[in-house]
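Below is one structure, written out as C-alpha cells; the observations come after it.
So you know, we letter chains A, B, ... as the sequences are listed, proteins then strands, and number each from 1.
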Protein chains: 2
Amino acid sequence: MAGATKPLGSPAKSAAQTRIIDAAVDLFSEHGIGGTSLQMIADALGVTKAAVYHQYNTKDEIILAVAEIVLARLEAAVVAAEAERSSVRGREVLIAGMIDVAVERRRIAGVLQRDPVMLRFLDNHEPFRRVMTRLNRVLMGGVSTPRARVQVAMITGIIGGAVIHPLVFDLDDESLRSHLLKQVKTLLRAR
Amino acid sequence: MAGATKPLGSPAKSAAQTRIIDAAVDLFSEHGIGGTSLQMIADALGVTKAAVYHQYNTKDEIILAVAEIVLARLEAAVVAAEAERSSVRGREVLIAGMIDVAVERRRIAGVLQRDPVMLRFLDNHEPFRRVMTRLNRVLMGGVSTPRARVQVAMITGIIGGAVIHPLVFDLDDESLRSHLLKQVKTLLRAR
DNA sequence: GTCTATAAATCGATAGAC
DNA sequence: GTCTATCGATTTATAGAC
C-alpha cells in the first residue's frame, strides 16, 4: 500500500508501568507536566524515584507513553476516515472518533491538547506531527479559506476544551458524547 | 448598588513592571508557567533575577499580574452583560466581549484558559472565581440542562482553544473575531 | 534599580546493594 | 523491582553593596 506508515505503537505495558502511567496522568492533569516531578509520581505510588526510573529512564518516556494512549486511537480514527469514499463522510467519521476518545479519556485528552509542555513535546515528535497533518487535512475537507480554518480550529478547541470544563464534569460519557456530536454537526451543517 | 463588588484592579504598572509582564507572557505561552523560571524571565530582559524580585516578590505575583490583564476586561464584559434587560441580549454582549479579549490578547488568553498552573491559581483566587460564576450564569441564561451545560462548555472551549490554533495563527484580529462570532452565533441559534 | 553572592530546597538522573 | 545514597544542575528567594 503506497504511503502506508507503521501504526503508532502502544507497546504492551507491565503492571508496574501501567500504574506509573495512571498516576502520571492524574498528576499531569492536575499540576501540569512541568509542575509534576518524578518524586511526586513516586510518592503517589508509595515507592521511590529509583523504582520509577527502573521502568522509564527519562521523564520524556513517561510523557510519550501518556501521549501514545490517545494518539494511537486518534490515528486509527484518521485511517478509518481516509478510507471513506466521500470526504464529507470521512470528516464525520473522524469527528466521531475524536469525540469518542476525548470523552472516554477526558483527563489525557485535556493534557494532550492543553499542556504547553505536551504541545512542545508533540511538535518535536515527527510521527505525531504526521498524524496531526493528516487529521487537519481530513477536517479541512479540501477547503482552506479563513472560514474553514476557523471552523476546524473551533472543532479542535471544542473537543479539547469542552470535555474538561467543570460544567460537564459530572456528565456521563454517553450523554457528553451525544450532545457534543450533535452540536458539532450543527456547526458543520452551517458551512 | 446591592451586591456591587470592587472591580478587579489593574494597578498602574511601572515601565520595569510592564517589561517583566510582557516577557513573562511570551515565556508562559511558549514553555508553560511551570516551565518558566524567574531566571528565564531575567535572561529575556538582560537583567538578573534579583532585579526581577525587586519588582515582584514572588512568582505568584507575576502570574497574578498576567491574569489581571485579561480578567479585568472579562469582568467588564460580564458587568455590561448583566446590565442588559434581556438575558438573550446579555449573553450576546458577553460572548462578543469574550471573543474580543481572547482575540486581541491571544497569547494571554491561551495561558489563562489552558495552563494547568494558571487554572489551579485561579481556582484558589476568590475574586476570579466570583467573576467566573457570574460569567457562567449569564452564559447559561437560567437554563441548567445537560444540553445547556455542554453548550456553555463548548463556547468556552472554542474561545480559548480556537484563538491559539496553528491554523488561525496568521489570521488578523478582525477576520478571526468576525468568523468566530458568526459561528458561535450559529451554535446558539440551534438551541 | 541593578548588581554579586549565597542559602536552602528540589530537580532529573545514576550507582550499586539487596 | 525496590531500595539508599548521591551527583550536579537548577529552583525560589534573600542579604547587602553600589
Could you measure the distance from the NE2 atom of A/H179 to the CD atom of A/Q183? Nearest 0.5 Å is fine. 7.0 Å

Find the bend of the helix from C/dG1-D/dC18 to C/dC18-D/dG1 as the angle between its two terminal axes (five pairs each), to the nearest 10°. 10°

Sorted by first residue and then second, give each salt bridge (Lys or Arg N to Asp or Glu O under 4.0 Å) pair with at least one member in residues 156-175 of chain B; sequence neighbours left out. A/R149-B/D170, B/R106-B/D173, B/E174-B/R177

For A/L94, does its backbone N or O pair with a side-chain atom of A/E84 as donor and acceptor, under 3.5 Å? no

Please collect all salt bridge (Lys or Arg N to Asp or Glu O under 4.0 Å) contacts where either partner lies in residues 11-28 of chain B, sequence neighbours excluded, each pair once. B/D26-B/R107

Any residue in residues 57-65 of chain A with a heavy atom nearer than 4.0 angstrom to DNA chain C? Just list them by number, or reply none. A/N57, A/T58, A/K59

Sequence neighbours excluded, every pair satisfying side-chain hydrogen bond (donor to acceptor under 3.5 Å, both in side chains) that has a member inside residues 34-49 of chain A: A/Q39-A/D43

Within this structure, what is the NE2-to-C1' distance between A/H31 and C/dC11, rounded to whole angstrom? 16 Å

Strictly below 4.0 Å, N to O, side chains only: are B/K185 and B/E92 in salt-bridge contact? no

Partners meeting side-chain hydrogen bond (donor to acceptor under 3.5 Å, both in side chains) with B/R137 (sequence neighbours left out): none

Taking ring-ring contact (aromatic ring centres under 6.0 Å, His included) as the definition, give me every residue that meets it alongside B/H125, ordered by chain and number, with sequence neighbours left out. B/F128

With sequence neighbours excluded, what pairs up with A/H54 under the ring-ring contact (aromatic ring centres under 6.0 Å, His included) test? none

Taking side-chain hydrogen bond (donor to acceptor under 3.5 Å, both in side chains) as the cut-off, I'd like each qualifying pair that reaches into residues 156-169 of chain B, sequence neighbours left out, listed once. none

Tell me if a side-chain donor or acceptor on B/K182 pairs with a main-chain N or O of A/R147 at a distance below 3.5 Å. no

Please tell me which of B/K49 and B/G46 maps to the more 5' nucleotide of DNA chain C, matching each residue to the nucleotide holding its nearest heavy atom. B/G46

Residues forming a side-chain hydrogen bond (donor to acceptor under 3.5 Å, both in side chains) with B/Q113, sequence neighbours excluded: none

So, does B/R129 use its side chain to make a donor-acceptor pair with the main chain of B/D123 at under 3.5 Å? yes

Would you jot down, in residue-number order, the residues of residues 36-43 of chain A having a non-hydrogen atom under 4.0 Å from DNA chain C? A/T36, A/S37, A/L38, A/Q39

Outermost DNA chain D nucleotides near chain A [under 4.0 Å, heavy atoms]: D/dG1 to D/dT4

